[in-house]
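Below: one structure, written as structure tokens.
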2 protein chains.
Amino acid sequence: MSRSVGGYHHGNLQAALEDAALDLLETTSAPKISLREVARRAGVSHNAPYHHFGDRAALLSALGVRGMAALLAAQEEAVASAAGPVERVRALGLAYIRYAAAHPQTFALVFDPDYCAAGSPSAEMAPLIARNEDLLGGEVAALVQEPGWEGRDVMALSAALWSTVHGMAQLIMLGHLPLEAAEPALDALVR
Amino acid sequence: MSRSVGGYHHGNLQAALEDAALDLLETTSAPKISLREVARRAGVSHNAPYHHFGDRAALLSALGVRGMAALLAAQEEAVASAAGPVERVRALGLAYIRYAAAHPQTFALVFDPDYCAAGSPSAEMAPLIARNEDLLGGEVAALVQEPGWEGRDVMALSAALWSTVHGMAQLIMLGHLPLEAAEPALDALVR
DNA sequence: CTCCTAAGTAGACACTGTCAAGAATGTGGA
DNA sequence: TCCACATTCTTGACAGTGTCTACTTAGGAG
């Protein structure tokens with residue numbers, strides 16, 4: 001399927017470019033990734049990417065969508081294999097944190113306003129954000145039925161939990177907190 | 001004091017460069033700030049900054065130190081004018097969040113590992129980080145003497161509170177949460 | 001006054017993102 | 001079958017960037 005390299009028509013350059021850039025993201029922060037280096041890795045000229053992405057930001061933005069999808073999938077999988085409302089929320093948060101620790105540059109890209117603006121998300125990003133909010137909101141709604149959590153405002157509690165988990169992910173990713181501190185700290189707050 | 005502009009000797013170019021860059025930070029994210037633009041604003045040649053900063057990252061790093069100092073000062077001031085352990089911790093967190101909302105680019109710079117590495121902080125940054133940890137640790141230590149908080153692990157609780165506040169600051173700064181959601185969300189968790 | 005050093009300038013280089021124009025390739029219609 | 005055409009990719013150019021080297025100037029110590 002993949003066309004012989006060297007010819008004019010690559011076959012699936014769009015995906016190849018995203019793959020190359022995703023590779024670079026393992027070791028390099030998004031702002032330092034160069035479009036020309038990505039093209040070089042994909043074995044095409046420095047201008048080939050412009051036929052698949054409007055500009056550099058568009059490529060990074062596409063990577064952000066991929067990252068957000070992976071983050072969402074990690075949370076959904078974690079929730080599915082947990083029993084009980086409290087345990088499910090815990091699993092969701094830990095999955096979020098572990099994804100950030102495992103793919104720090106990708107996680108940072110997803111929340112970088114220069115490429116993935118929260119105010120005006122791309123057409124592919126918006127539904128992912130919505131699904132994530134639904135996922136968290138649903139679990140919190142189940143949580144507030146539990147003894148000890150009854151009557152809490154779902155919106156406020158969701159915002160607080162998201163903040164805690166997001167902040168912890170950020171601080172661990174930056175090296176301000178060790179990954180092992182995540183579970184005890186979470187439990188210190190939520191009990 | 002300030003030397004006549006146009007001559008070879010500026011007088012205090014180091015500070016002038018930081019001021020110009022800080023101005024740019026009000027509207028532009030750190031990775032997009034160009035050293036040559038900063039020099040232009042300071043009215044000097046594109047190479048003058050190299051006599052005061054080793055490279056571009058060093059200038060941004062110095063701005064990060066300024067930002068961290070301001071963030072710390074905001075917290076200290078808020079704590080000083082609050083009564084009671086719970087209220088003091090609350091004030092500290094809100095000051096942190098409000099600083100991030102008021103100076104988003106500067107706040108982001110302080111936590112940008114490309115310029116302000118958490119693992120190996122600069123000589124000026126390290127004591128500020130230590131002072132901030134002492135500030136939070138001290139307030140939490142006082143908090144766990146209060147009824148309803150007795151016996152909690154200070155380290156774990158500090159980490160959790162920092163995470164919550166930092167995450168909320170981040171999400172508000174990015175536009176994922178409105179600033180007005182901060183207080184209710186904080187209170188939903190801490191009661 | 002002289003000379004040294006710190007603080008500025010000018011010029012060059014490699015690299016970047018992006019625009020314009022041209023060449024190769026595959027495709028639908030006669 | 002053959003030929004216009006749109007797509008994909010290439011080459012070349014331009015302005016802007018960070019940083020290196022070399023030169024010029026100002027101010028202060030002796």
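So that the names make sense, note that chain A is the first sequence line, chain B the second, and so on, each numbered from 1.
- Atoms CG (B/D55) and P (C/dA14) sit 21 Å apart, rounded to a whole Å.
- Residue contacts for B/R36: at a heavy-atom cut-off of 4.0 Å it reaches a base atom on one of the strands shown.
- Side-chain nitrogen and oxygen atoms of B/S45 include none within less than 4.0 Å of the OP1 or OP2 phosphate oxygen of C/dA10.
- In terms of position on DNA chain C, the residue among A/H51 and A/H46 whose nearest nucleotide sits closer to the 5' end is A/H46.
- When the C1' atom of C/dG17 is taken as reference, atom CG of A/L17 falls 15 Å away, rounded to whole Å.
- Of all nucleotides listed (D/dT11, D/dG18, C/dG17), D/dT11 comes nearest to the side chain of A/N47.
- Not counting sequence neighbours, the partners of A/E183 by the salt bridge (Lys or Arg N to Asp or Glu O under 4.0 Å) test are A/R90, A/R98.
- Side-chain N/O atoms of A/H52 include one lying less than 4.0 angstrom from OP1 or OP2 on D/dC9.
- Taking atom CG of A/L59 as the reference point, atom C1' of C/dT16 lies 15 Å away to the nearest angstrom.
- At whole-Å resolution of the value, OH in B/Y50 and C1' in D/dC20 are 9 Å apart.
- Picking from D/dT17, D/dT19, C/dT16 the nucleotide with the shortest atom distance to the side chain of A/S34 gives C/dT16.
- Listed here is the closest heavy atom pair of A/L109 and A/C116: O-SG, 3.5 Å.
- Residue A/R88 holds its CZ atom at 9.0 Å from CG of A/L92, rounded to the nearest 0.5 Å.
- Residues A/A160 and B/M168 come closest through the heavy atom pair CA-CE, 4.3 Å.
- Going from atom CG of B/L24 over to atom P of D/dT17 covers 11 Å, rounded to whole Å.
- When the P atom of C/dT9 is taken as reference, atom CG of B/L35 falls 13 Å away, rounded to whole Å.
- Between B/F53 atom CZ and C/dA7 atom P there is a gap of 12 Å when expressed in whole angstrom units.
- Interatomic distance, OH of A/Y96 versus OG1 of A/T164, reported as 11.0 Å (0.5 Å rounding).
- The nearest whole Å value for the distance from the CZ atom in B/R40 to the P atom in C/dT9 is 13 Å.
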